[in-house]
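Have a look at the structure below before the remarks.
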Amino acid sequence: MTDLPLYPKVVAGYEDNERGEDARVLADRIVARDGGELNVVHVEKGSPADALQALAEKGEADLIVLGSTHHAHVGAVAPGSVAEHLLHGARCRLVIAPKGYAREDHSEDRLRVVAVGFDGMAESHAALDEAATLARKFGASMRVIGVATPVPALGAAAAAQAGPEAGPDFQTRLHDAVAGLPTELRALPVLDRGDPVRKLLEQAEFGVDLLVLGSRGFGPVMRLLIGSVSSRVIRKASCPVMVVPRPA
């Protein structure tokens, strides 16, 4: 473990409710592990998303921590949520605490397994690099999760328009990405098929301490999901989720 923090300035978006407490507790845990400084921000007037984004743009936030906007409907997206706005605008990392995180016992917490969603696009490579950096610093192992969306219902023309992500070489690209990681990370490729949101949520249940995603979405062929997969996963994941901003 290196001495310098990966995230020197951590900002917790606080609200006077369970969601705010979840964010504060997770931010406390991150700072305790990483060594950065914590700023708990409670925005009483104006837009919380705008205020937090302004901190990031001024270099006062390397990592923003929020609580989950948890909805009863699977995959529901609440227009106007702070996390949703930041997913599309902030140029810093965003971490979402799962619902009820503050009520759990974290005295024995440590980062053991870091999972990352991978689809071969630039956004998922950025997430892969971030996950590898975290795993290397904290001695964690990695799981690289690729979710291939079945396309038997698509015609040949539609499948061709879907791009190389739809081709049979996706498994090869997944294994190549894992092979390029340092051996000490003990990275495991995981290939699944189906709806990316549901499969990522299922994989997060298997001993994952942190799930890292890119800010654009992970369906290898379902381009319509771009921009929505991360939004949907952060609402239902059982573990903290980090969303890495799009590469410049």
Side-chain angles (χ1 to χ4, degrees), residues 4-73 75-111 114 127 130 134 137-138 201 204 208-215 230-246:
L4 295 177
L6 296 175
Y7 313 108
K9 299 177 181 178
V10 177
V11 172
Y14 184 75
E15 302 172 75
D16 190 16
N17 53 28
E18 180 186 36
R19 184 166 62 242
E21 191 63 10
D22 288 340
R24 186 193 64 78
V25 171
L26 177 55
D28 275 338
R29 297 300 302 162
I30 292 171
V31 168
R33 293 169 181 165
D34 189 40
E37 296 183 359
L38 175 59
N39 179 18
V40 179
V41 175
H42 185 195
V43 180
E44 296 184 0
K45 294 182 179 180
S47 165
D50 289 345
L52 294 171
Q53 185 169 330
L55 288 175
E57 290 174 350
K58 290 187 294 184
E60 297 178 11
D62 301 300
L63 185 73
I64 295 176
V65 185
L66 299 172
S68 172
T69 305
H70 199 81
H71 291 273
H73 300 293
V77 175
S81 74
V82 177
E84 185 180 357
H85 281 297
L86 290 176
L87 281 174
H88 296 289
R91 298 305 303 171
C92 71
R93 282 76 173 159
L94 179 66
V95 175
I96 307 298
K99 181 178 173 62
Y101 184 87
R103 298 195 304 267
E104 301 171 359
D105 180 10
H106 301 287
S107 59
E108 302 297 326
D109 269 6
R110 68 185 186 91
L111 199 61
V114 178
E130 190 78 18
L134 283 159
K137 175 168 183 177
F138 297 104
L201 291 173
V208 172
D209 299 302
L210 177 69
L211 175 61
V212 184
L213 304 176
S215 61
S230 297
S231 298
R232 293 161 64 195
V233 169
I234 63 177
R235 300 181 186 281
K236 304 296 289 186
S238 58
C239 67
V241 179
M242 173 182 283
V243 183
V244 179
R246 292 189 294 271

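Residue numbers start at 1 and run along the sequence shown. Note that this is a predicted model, so its numbers are computed, not measured.
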Distance-minimising heavy-atom pair for [X] and [Y]:
X      : Y      : value
Pro8   : Asp62  : CD-OD2, 3.1 Å
Cys239 : Val208 : CB-O, 3.4 Å
Ala12  : Ala23  : CB-O, 4.2 Å
Ala237 : Val241 : CB-CG2, 3.5 Å

Could you grab the distance from atom [atom1] of [X] to atom [atom2] of [Y], nearest 0.5 Å is fine?
X     : Y      : atom1 : atom2 : result
Arg29 : Leu111 : CZ    : CG    : 11.0 Å
Glu21 : Arg103 : CD    : CZ    : 11.0 Å
Lys9  : Lys58  : NZ    : NZ    : 10.5 Å
Tyr14 : Leu66  : OH    : CG    : 14.0 Å
Asp22 : Glu104 : CG    : CD    : 8.5 Å
Leu94 : Gln53  : CG    : CD    : 11.0 Å

Quick one, [X] and [Y] - any side-chain contact, counting heavy atoms below 4.5 Å?
X      : Y      : value
Cys92  : Ile64  : yes
Leu201 : Val233 : yes
Asp34  : Val10  : no
Asn39  : Glu60  : no
Met242 : Leu63  : yes
Pro240 : Leu210 : yes

Would you say the side-chain atoms of [X] pair up with the backbone N or O of [Y], donor to acceptor, closer than 3.5 Å?
X      : Y      : answer
Ser68  : Lys236 : no
Lys99  : Glu18  : no
Ser230 : Gly214 : yes

Ring geometry between Tyr101 and His106 (parallel below 30°, tilted from 30 to 60°, perpendicular above 60°):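 Geometry flag for Tyr101 against His106: parallel rings.
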Asn17 atom CG, neighbour heavy-atom count above 12 within 6.0 Å: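 Yes - once you tally the heavy atoms of other residues, nucleotides and ligands closer than 6.0 Å, there are more than 12.
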